[in-house]
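None of the values given here were measured: they were computed from a predicted structure.
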Amino acid sequence: MDETDRLIDDLQGLPAEAEQVDYRQRGYHLEVRLQAGQVRAVAELLRQREFYLAFISAVHVSPAIEIVYQFACYTRPCRIVARSSVTGDCTLPSIADIFDGANWHERETRDMFGVVFTDHPNLEPLLLPEDAADLKPLLKKEGAIKPADQLRSLPDAQAKPSELSTNEEPQAQKPTGEDRQ
């Protein structure tokens with residue numbers, strides 16, 4: 001059993017849903033689904049396994065705001081995306097005491113989405129002015145919220161890579177001798 005299999009077993013023992021995915025399609029190796037009460041346990045396990053926190057953000061999807069954590073490993077190529085929906089009162093436990101870098105990420109997520117990270121050491125506004133606490137600029141209007149499953153669909157496996165949409169700009173061609181003046 002390799003390290004990834006042991007990690008999946010340990011994550012499932014918490015219990016958390018852990019699944020190995022194709023890195024070339026998704027950009028990470030493991031996807032983990034968590035309940036709010038499992039966030040700290042998963043963070044502690046990953047800290048023990050020499051992972052670091054790459055970022056925390058949120059996505060406003062139906063039925064609830066989803067917090068997205070990305071972890072990477074110091075000792076081997078392994079990226080993990082962990083997702084947890086916030087509770088009805090828009091709270092989630094803080095992991096700022098486990099990963100120092102979570103401090104600013106959690107503050108930014110609070111500013112932009114209104115998620116409160118319980119037991120955060122300093123949940124002061126990071127980007128917005130203090131008098132704009134109710135602004136929450138990245139929350140979507142009711143009719144614009146999409147189901148989470150719709151956002152995670154993969155491109156059709158039958159499509160040719162050139163047919164898939166990309167955000168890359170086309171490469172500029174080098175001028176030939178005829179084009180130069």
Open item on the list: Quick check against the 3.5 Å criterion: does Arg26 have a side-chain atom that pairs as donor or acceptor with the backbone of Val21?
Closed with: no
- [ ] Apply the test side-chain contact (heavy atoms from CB on, under 4.5 Å) to residues Glu44 and Ile95: give CA-CA distance (whole Å), side-chain angles for both, the deciding distance (0.1 Å), then the verdict.
- [x] CA-CA 9 Å; Glu44 288 170 352; Ile95 61 168; over 6 Å; no
TODO: With side-chain hydrogen bond (donor to acceptor under 3.5 Å, both in side chains) as the test, would you mind laying out the steps for Arg76 and Thr4 before giving the verdict?
DONE: CA-CA 10 Å; Arg76 62 191 170 88; Thr4 302; 3.3 Å; yes
Open item on the list: Could you check whether any side-chain heavy atom of Val81 comes within less than 4.5 Å of a side-chain heavy atom of Val32, counting everything from C-beta outward?
Closed with: no
Open item on the list: Within the 4.5 Å heavy-atom criterion, are Ile80 and His29 side-chain neighbours or not?
Closed with: no
TODO: Please report the closest heavy-atom contact between Phe113 and His60, naming both atoms and the distance.
DONE: CE2-N, 4.1 Å
Task: Closest non-hydrogen atom pair between Ser57 and Thr109, with its separation - done: CA-OG1, 3.9 Å
Task: Separation of Asp97 CG from Asn103 CG (nearest 0.5 Å) - done: 10.5 Å
Task: From CD (Glu106) to CG (Asn122), nearest 0.5 Å - done: 11.5 Å
- [ ] Begin with the C-alpha distance, continue with both residues' side-chain angles, and end with the deciding distance and a verdict on side-chain contact (heavy atoms from CB on, under 4.5 Å) for Arg110 and Val115.
- [x] CA-CA 5 Å; Arg110 180 185 176 271; Val115 176; 5.7 Å; no
- [ ] Could you tell me whether the side chain of Leu34 reaches within less than 4.5 Å of the side chain of Glu17, counting heavy atoms only?
- [x] no
Task: Co-membership, hydrophobic cluster, residues Trp104 and Leu123, 4.5 Å side-chain - done: no
Task: ILVMFWY cluster, Val86 and Val116 together (side-chain gap under 4.5 Å) - done: no
TODO: Measure up the Phe71 and Phe99 rings against each other and bin them: parallel (under 30°), tilted (30 to 60°), perpendicular (over 60°).
DONE: tilted
TODO: Determine whether Gln20 and Ile8 make a side-chain contact, defined as any pair of heavy atoms from C-beta on separated by less than 4.5 Å.
DONE: yes
Open item on the list: Restricting to non-hydrogen atoms, name the atom on Leu7 and the atom on Leu45 that form the minimum distance, rounded to 0.1 Å.
Closed with: CD1-CD2, 4.2 Å
TODO: Measure centre to centre between the rings of Phe51 and Tyr74, then say whether the value is under 6.0 Å.
DONE: no
Open item on the list: Ignoring hydrogens, what is the shortest heavy-atom contact between Pro93 and Val39? Give both atom names and the distance.
Closed with: O-CG1, 4.2 Å
Task: Min side-chain heavy-atom separation Val59-Ile65 under 4.5 Å - done: no
TODO: Hey, could you give me the CG/CZ distance between Leu53 and Arg47, rounded to the nearest 0.5 Å?
DONE: 9.5 Å
TODO: Kindly indicate whether the side chain of Gln12, heavy atoms from C-beta on, has any atom under 4.5 Å from the side chain of Asp9.
DONE: yes
Task: Working for salt bridge (charged side-chain N to carboxylate O under 4.0 Å, His left out), residues Arg33 and Glu66 - done: CA-CA 10 Å; Arg33 294 285 312 151; Glu66 189 174 77; 2.8 Å; yes
Task: 4.5 Å side-chain heavy-atom contact, Asp119 and Phe117 - done: no
Task: Same cluster (ILVMFWY, side-chain, under 4.5 Å), Leu138 and Tyr69 - done: yes
Open item on the list: How close do Ser94 and Arg40 get, counting heavy atoms only, and between which atoms?
Closed with: O-NH1, 2.7 Å
TODO: Check whether any side-chain heavy atom of His120 lies under 4.5 Å from a side-chain heavy atom of Arg107, and answer yes or no.
DONE: yes
Open item on the list: Given 3.5 Å as the limit, does a donor-acceptor pair link the side chain of Asp111 with the main chain of Leu127, or not?
Closed with: yes
TODO: Examine Phe55 together with His105 and report whether their ring centres are nearer than 6.0 Å.
DONE: no
TODO: Kindly compute the distance separating SG (Cys73) from CD (Glu3), expressed to the nearest 0.5 Å.
DONE: 7.0 Å
Task: Least distance between heavy atoms, Ser85 atom then Ala64 atom - done: CB-CB, 4.3 Å
Open item on the list: Please tell me whether Met112 and Leu139 are part of a single hydrophobic cluster in this structure, the criterion being side-chain heavy atoms less than 4.5 Å apart.
Closed with: yes
